[in-house]
Amino acid sequence: MPVEEFVAGWISGALGLVLGYPFDTVKLLGFFKGMSFPIASIAVVNSVLFGIYSNTLLALTATSHQERRAQPPSYAHIFMAGCTGGFLQAYFLAPFDLIKVRLQNQTEARAKPGSPPPRYRGPVHCAASIFQEEGPRGLFRGAWALTLRDTPTMGIYFVTYECLCHQSTPEGQNPSSATVLVAGGFAGITSWVTATPLDVIKSRMQMAGLNQRAHRGVLDCIVSSARQEGLGVFFRGLTINSARAFPVNAVTFLSYEYLLHLWQ
């Protein structure tokens with residue numbers, strides 16, 4: 001199994017996070033506060049996503065990354081490979097994402113005058129507290145919503161990217177840096193338009209244990225959220241997610257393509 005895609009995914013994920021972290025924490029006390037943990041976790045997750053995607057596509061088409069410009073894979077194969085990467089990514093991402101959401105929410109609360117001291121002292125303490133108070137399954141709270149979010153979304157993500165690159169690049173040639181930036185950016189926006197409803201549900205299920213409110217499952221969370229706040233709740237955060245998605249994914253794809261071209 002080629003490992004270059006995993007390494008390139010690791011590095012590109014970290015670079016994308018550095019650029020997008022201020023957007024992701026726009027309500028927090030400091031733009032780059034607590035960034036070491038997300039860099040470590042997202043780099044691993046991005047490595048899994050791009051590595052699995054590329055190797056699944058290799059298994060489906062028997063063409064390497066460089067050969068795909070001369071022999072473009074079908075969009076069905078791209079979608080299947082993206083869905084596979086998204087499914088496995090969700091498995092690795094679930095505990096990291098839960099810890100990130102819990103820490104971000106407590107930091108937002110600390111910004112209010114007279115707020116109590118933080119519940120979690122850091123990522124390790126947060127993970128240990130969840131394990132002790134909510135059990136091993138607590139670390140995977142919201143995992144089903146995350147899997148439902150990422151599996152089709154990552155298929156759409158890679159199809160959008162490859163489609164835009166193909167339409168803007170002469171046959172058999174590699175896409176230009178400008179094409180990669182634009183295609184990656186729009187792929188990010190498209191994926192978040194698809195992902196935001198389940199991202200809202202995922203975050204609510206992740207915070208349920210902390211708020212002593214247990215949902216019976218994804219469907220129960222969807223129904224209760226819609227009943228209490230209307231359908232508009234499922235698109236909460238779409239604007240900031242889209243604003244963050246374009247530069248983050250533009251840089252992620254550009255660095256990923258550059259590294260693979262450099263090594264191959």
Side-chain angles (χ1 to χ4, degrees), residues 1-14 16-17 20 24 37-60 77-104 123-124 126-131 134-159 161 187-188 191-192 194-210 214-219 221-222 241 245 248-249 252 256:
M1 177 184 288
V3 298
E4 293 90 346
E5 288 84 358
F6 287 96
V7 178
W10 182 300
I11 297 172
S12 63
L17 179 70
D24 198 35
F37 173 71
I39 281 185
S41 59
I42 296 302
V44 171
V45 171
N46 210 67
S47 173
V48 171
L49 172 63
F50 278 84
I52 296 297
Y53 165 74
S54 189
N55 281 280
T56 301
L57 205 53
L58 175 62
L60 290 172
H77 284 154
I78 293 171
F79 182 75
M80 290 170 60
C83 288
T84 303
F87 179 83
L88 293 175
Q89 170 192 253
Y91 176 81
F92 283 88
L93 179 60
F96 294 124
D97 192 65
L98 173 65
I99 292 167
K100 185 194 79 167
V101 168
R102 293 283 181 91
L103 291 176
Q104 284 184 334
V124 175
C126 180
S129 298
I130 294 171
F131 185 87
E134 303 173 43
R137 292 181 61 184
L139 288 170
F140 288 87
R141 188 178 295 277
W144 272 114
L146 189 64
T147 302
L148 292 172
R149 184 196 77 175
D150 284 358
T151 301
T153 295
M154 291 300 102
I156 294 170
Y157 177 68
F158 284 107
V159 165
Y161 172 74
S191 66
W192 268 111
T194 306
T196 294
L198 276 167
D199 187 65
V200 172
I201 297 303
K202 181 261 314 174
S203 296
R204 291 184 171 214
M205 295 187 71
Q206 288 172 325
M207 292 303 297
L210 190 62
H215 296 288
R216 293 191 296 272
V218 174
L219 184 60
C221 187
I222 292 172
N241 284 339
V248 167
N249 289 281
T252 297
Y256 177 76

Notebook entry, point to check: So with a 6.0 Å cut-off around CZ of Phe140, is the heavy-atom count from everything else above 12?
Noted result: yes

Item checked: Identified side chain to side chain contact (heavy atoms under 4.5 Å, CB included) counterpart of Tyr53 within the set Leu58, Ile78, Thr84 -> Ile78

Notebook entry, point to check: Do you know the tightest heavy-atom contact between Cys126 and Leu103?
Noted result: CB-CD2, 4.2 Å

Check: How far apart are the closest heavy atoms of Asp150 and Gln89, and which atoms are they?
Finding: OD2-NE2, 2.9 Å

Note to self: Please check this pair: side chain of Ser191 against backbone of Gly188, looking for a donor-acceptor N/O pair closer than 3.5 Å.
What the structure shows: yes

Notebook entry, point to check: Taking all non-hydrogen atoms of both residues, which atom of Tyr256 and which atom of Glu5 are closest, and how far apart?
Noted result: OH-CG, 3.3 Å

Checklist line | Approximate separation, where rounding is to 0.5 Å, of Ile11 CD1 and Asn46 CG | finding: 11.0 Å

Note to self: Rounded to the nearest 0.5 Å, what separates atom CD1 in Ile130 from atom CD1 in Ile99?
What the structure shows: 5.5 Å

Margin query: Would you compute the distance between atom CD1 of Ile222 and atom CG of Leu148 and round it to the nearest 0.5 angstrom?
Written below: 8.0 Å

Note to self: Does Phe79 form a side-chain contact (heavy atoms from CB on, under 4.5 Å) with Cys83? I'd like the steps, not just the answer.
What the structure shows: CA-CA 6 Å; Phe79 182 75; Cys83 288; 3.5 Å; yes

Item checked: Spacing of Ile52 atom CD1 and Leu57 atom CG [to the nearest 0.5 Å] -> 12.5 Å

Next item on the list: May I ask you to test the Thr194-Tyr157 pair for a side-chain heavy-atom distance under 4.5 Å?
Entry: no

Checklist line | Rounded distance (nearest 0.5 Å) linking atom OG1 of Thr196 with atom CG of Asn241 | finding: 4.5 Å

Item checked: Thr153 side chain to Arg149 backbone, donor-acceptor under 3.5 Å -> yes

Next item on the list: Applying side chain to side chain contact (heavy atoms under 4.5 Å, CB included), name anything that partners Tyr91, two or more places apart in sequence or on another chain.
Entry: none

Margin query: Restricting to side-chain hydrogen bond (donor to acceptor under 3.5 Å, both in side chains), what partner residues turn up for Tyr161, sequence neighbours left out?
Written below: Glu257

Next item on the list: Verify, without hydrogens or angle tests, whether Asn55 (side chain) and Gly51 (backbone) share a donor-acceptor contact under 3.5 angstrom.
Entry: yes

Notebook entry, point to check: Which heavy atom in Gly9 sits nearest to a heavy atom in Ser12, and how many Å separate them?
Noted result: O-OG, 3.2 Å

Checklist line | Residue list, side chain to side chain contact (heavy atoms under 4.5 Å, CB included) with Ala145, at least two apart or on another chain | finding: Ile201, Lys202, Met205, Val218

Next item on the list: State the CG-OG1 distance between Leu88 and Thr151, to the nearest 0.5 angstrom.
Entry: 8.5 Å

Check: Where do Phe96 and Phe92 come nearest, in terms of heavy atoms and distance?
Finding: CD1-O, 3.2 Å

